[in-house]
Peer 1: 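Here it is: the structure, laid out below.
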Amino acid sequence: MTTETAPQAATPAEAAAPLSIWGALQANLREYGLLLVLILIMLFFQWTTGGVLFKPLNLTNIVLQNSYIIVMALGMLLVIVAGHIDLSVGSVSGFIGALAAMLMIGWKFPPELAFLANPIVAGLICLVVGAAIGAAQGYLIAYYRIPSFIVTLAGMLIFKGLSLSILAGQSVGPFPAEFQLLSAGFIPDFIGAITLVPASQGVQPLVLHGATLAIGIVAVVGMILLSIRTRARRTARGYESEPFALFAAKNIVIAALVLFFTYMLASYKGLPNVLVVMGILIAGFVFLTKRLTFGRRIYAIGGNPKAAALSGIKTERLTFYIFAIMGALAALAGMIYAARLNSATPKAGQGLELDVIAAVFIGGASALGGVGQVAGAVIGAFIMGVLNNGMSIMGINIDLQQMIKGVVLLAAVFFDLYNKNKA
Amino acid sequence: MTDTIPEMRDTILPMRDTILQMRDITKTFPGVKALQNVNLDVKAGEIHAIVGENGAGKSTLMKVLSGVYPHGSYEGQIIYNGEECAFRSIRDSEHKGIVIIHQELALVPLLSIAENIYLGNERAKAGIVDWDETREGARAVLRKVGLNEDPDTLVTNIGTGKQQLVEIAKALSKEVKLLILDEPTASLSEKDSEALLNLLLGFKAQGISCILISHKLNEVSKVSDRITVIRDGHTIETLDKADITEDRIITSMVGRPLEDRYPARAPQIGEVVFEVKNWSVYHPQHRDRQVIKGIDLNVRKGEVVGIAGLMGSGRTEFAMSLFGKSYGVKVSGEVLLHGKKVDTSTVEKAVSHGIAYATEDRKTFGLNLIDHIKHNTTLANLWGVSRWGVIDDLAELDVANDYRKKTNIRSSSVYQTVGNLSGGNQQKVVLSKWLFANPEVLILDEPTRGIDVGAKYEIYSIINQLAAQGKAILVISSEMPELLGITDRVYVMNEGRLVGEMPTAEASQEKIMRAIVRAEGKVAS
């Protein structure tokens, strides 16, 4: 080696060269690959089930069946990105379902406390209790440095036992009608039904849910306006590198998918209430992970906790909050689940944690922490959900279903790692 | 395995009492020649010391010898007991009786002494461990090293000094002929060091040769028969017992002419900005061991102040304990900024008072390697690119691009993953991160460790610019020429104490070394 003594000439920072269409497509393929896989799986089942999968009723069912998994997957994503795990969410959701049932039905309150049985008050209590459970586990994990695996494994056992105990081993139900709306309800049609094909002899009538259609269209227009605005801002500062054709194609495809889905829902009973809740939560978590300093710090502590701490991030407090959020989401999921079954059972929620964790890993999160996206976790949950739904319609035995799901999980993570190593 | 080359016998035979010859060893790492034509010969039954500055190539040479760097990954010959050897792994060299004991002990803390001694070399038949023989054998070698402990005691329950003896016992159990010790006394008390050195003298009497790598020149000159000095990957000279004096060793160790490797400095030094008073810290595990012993120092506006010292002298521990108590327990003392006492008890508080610490170990403590440059740059100052906790992504992109240009990070864009950058560019990302936090006091711990000369120059230039902007800069470095080249004033630290302070204009490597050696002598006597 020759000893250099002169300073090296500063190389000018390369200008943000516009990517070629092919290059940009490649970069996007990994990002949208998962969505593509979901669509392919859906098309596959559409074919094998003889067109049942895409029936409006069935699509609505897929959303309802997986809503609680997705709600918990959002929290689990934060937990896993931060480098932890939460095994207790299934049991906690079951326990909260039981608590909700006891508050609204089981416990006979004296008149001055009767307000506790009000579905809204009971729901709020459940959310607070869930957050408190998460916070308690988070406290032990963050401040006493007990591995999350152990704390939440203990939590899993404790809350499994607690649900059994407060339900006294019985199923409790049915819930008040207002509470059932959480899972079984659809948004009211404030616009009115739109009749495309009137009922007549020999032809199936086709009536669309007006409000659902309106909300879908507004959402698509809003999404397109937002991405145009973002692109304009980036272009103005010279940061845009995505070719316009790709930008347009991406927006058109996503808009088409959303509109198709809206149409499907609208031709059944409309937008389920729980999808509204989910939509708001998903949007909120995307914003949290992409734009909030809180979210950024979660990725930092997952990527390198020591470096994060030495950058002034309060890693303990952050971990504590993450588990509290997880607890609240598990509570919400527990209520959705109970409302859907219309009763709380001692077995409710058991094993759900594994579906939730699988969804997050299929969605591309790293078990080592620091990597993972909300969209990935949601799509991962839908992949599992569609597999369940499609295989059930096909009449595949439950034993085979389990094996196939296991293989899918393994394959998803394998290809993700394989891609990363190749890169 | 070992290749014997018969034709060479003749040339080797005359050196009958030479057990080891390393000839023209050259070892290259990507971009760096760590060793260049290094020669070493060790006679049977002698204690041969190797001395040199940090990074001179001593440990690399020993890794070549012991097969950590396998045959073929270096050039040159190793002739041991009259045979040319081509070790492919540590196992090969141990088979021949060459055993290396590294600075960081390789013991499994939760296994017993006996289990550790025979780890990888178990007393077993058909895979079934013979515990009686294990304990018996362990007892025998423990006796040889004078360690009176039950072989069933867990290693974690004995002190560092005794652990060192267990390592040596482990070496003896392999029928060692050439024992290599890398800084064996670095973490030992004086009494334990003394005992260890006496043990080596005992081995010598039994005909076991020793290679001793040490910074502690007083110890080296006491026990060694010969000393080889290595500097910058070259053998400088081998001194015989009669010629050994500390002065002679120091001159030989640091006798490198200062090249023009440092940008010119035109210091404009103002009032005292940063002051530390009576700073003391205890070891986080051994809570009665004081690591930092009452340090007082100050840095002025626009001044670059260095802390010199050997590895393990406590410099990093000092800096990290200052920065939000990130190291140690029972931290006491005062930190003053502009004469006013400030609270630096958490990293967040330290940063908010304008103190930044760029770590010596950027991969472990400095960077999120799986994330890209942009996110790493803003991590310590997310407030600077956000409002109400919402990050302005374009502002962040501006900042990242700005600092990428300022520190001259070579990458395709700010979206490049930090883990894929070269060491020098990673270091610049660390610097960017702390520059964006806009500190008044910047503590740089080994800012140029493991990076090439060109990148070093750039980092020195950045340090100069920061000083010119009026920042107070504290640089910790094990490379003395670097400290002499870039600082205005140097403190010398040894064993957790400041043992010297001098303006750089009056300092020299000899003076710094002397301050350290003098302090060692004081401690030893």
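Reminder, nothing fancy here: chain letters follow the sequence lines and each chain counts from 1. Note that these values count all heavy atoms, side chains included, but never hydrogens, waters or copies made by symmetry.
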Peer 1: If I measure from the heavy atoms of chain A, does Asn376(B) come under 4.5 Å with its side chain, its backbone, both, or neither?
Peer 2: neither
Peer 1: Given that the side chain runs from C-beta out, which part of Ser352(B) has a heavy atom under 4.5 Å from chain A: side chain, backbone, both or neither?
Peer 2: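 Looking at Ser352(B), nothing touches chain A.
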Peer 1: Assess the residue pair Leu310(A) and Met320(B) against the criterion (side chain to side chain contact (heavy atoms under 4.5 Å, CB included)); give the C-alpha distance rounded to whole Å, side-chain angles, the decisive distance to 0.1 Å, and a yes or no.
Peer 2: CA-CA 9 Å; Leu310(A) 276 175; Met320(B) 285 183 69; 4.1 Å; yes
Peer 1: Take a 6.0 Å sphere around CZ of Phe287(A) and say whether it holds more than 12 heavy atoms from other residues, nucleotides or ligands.
Peer 2: yes
Peer 1: Do Thr293(A) and Ile391(B) make a side-chain contact, defined as non-hydrogen atoms from C-beta onward lying under 4.5 Å apart?
Peer 2: yes
Peer 1: Pair Arg296(A), Glu396(B) - check salt bridge (Lys or Arg N to Asp or Glu O under 4.0 Å), show working.
Peer 2: CA-CA 12 Å; Arg296(A) 177 66 58 75; Glu396(B) 186 182 25; 2.5 Å; yes
Peer 1: Is the closest side-chain heavy-atom distance between Asp393(B) and Arg233(A) below 4.5 Å?
Peer 2: yes
Peer 1: Side chains of Tyr239(A) and Asp398(B): any donor to acceptor distance under 3.5 Å?
Peer 2: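 Yes, Tyr239(A) and Asp398(B) have a side-chain donor paired with an acceptor closer than 3.5 Å.
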Peer 1: Sort Lys433(B) into side chain, backbone, both or neither according to what part of it lies under 4.5 angstrom from a heavy atom of chain A.
Peer 2: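 Side chain only.
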Peer 1: Calculate, to the nearest 0.5 Å, the distance between atoms CZ and OG belonging to Phe365(B) and Ser311(A) respectively.
Peer 2: 12.0 Å
Peer 1: Quick check: does any side chain N or O of Asn304(A) sit under 3.5 Å from a backbone N or O of Thr364(B), one acting as donor and the other as acceptor?
Peer 2: yes
Peer 1: Are side-chain heavy atoms of Arg237(A) and Leu397(B) found at a separation under 4.5 Å?
Peer 2: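 They are not in side-chain contact.
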Peer 1: Does the cation-pi check pass for Arg291(A) over Trp388(B), that is, NZ or CZ under 6.0 Å from the six-membered ring centre and within 45° of its axis?
Peer 2: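 Judged by the rule, Arg291(A) and Trp388(B) form no cation-pi pair.
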Peer 1: Using a heavy-atom distance cut-off of less than 4.5 Å, which residues of residues 358-365 of chain A contact chain B?
Peer 2: none
Peer 1: Minimum heavy-atom separation for Ala307(A) and Gly366(B), please, with both atom names.
Peer 2: CB-C, 3.7 Å
Peer 1: When you look at OH of Tyr143(A), are more than 12 heavy atoms from neighbouring residues, nucleotides or ligands closer to it than 6.0 Å?
Peer 2: yes
Peer 1: Given heavy-atom pairs under 4.5 angstrom as the criterion, report whether the side chain, backbone, both or neither of Leu394(B) touches chain A.
Peer 2: both
Peer 1: At a heavy-atom distance under 4.5 Å, which candidate from Asp371(B), Thr346(B), Val351(B), Leu367(B) has the highest pair count against chain A?
Peer 2: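 Max contact count across the listed options: Leu367(B).
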Peer 1: Could you give me the CA-CA distance, side-chain angles and deciding distance for Ile313(A) and Leu379(B), then say whether side chain to side chain contact (heavy atoms under 4.5 Å, CB included) is met?
Peer 2: CA-CA 9 Å; Ile313(A) 293 173; Leu379(B) 190 60; 3.6 Å; yes
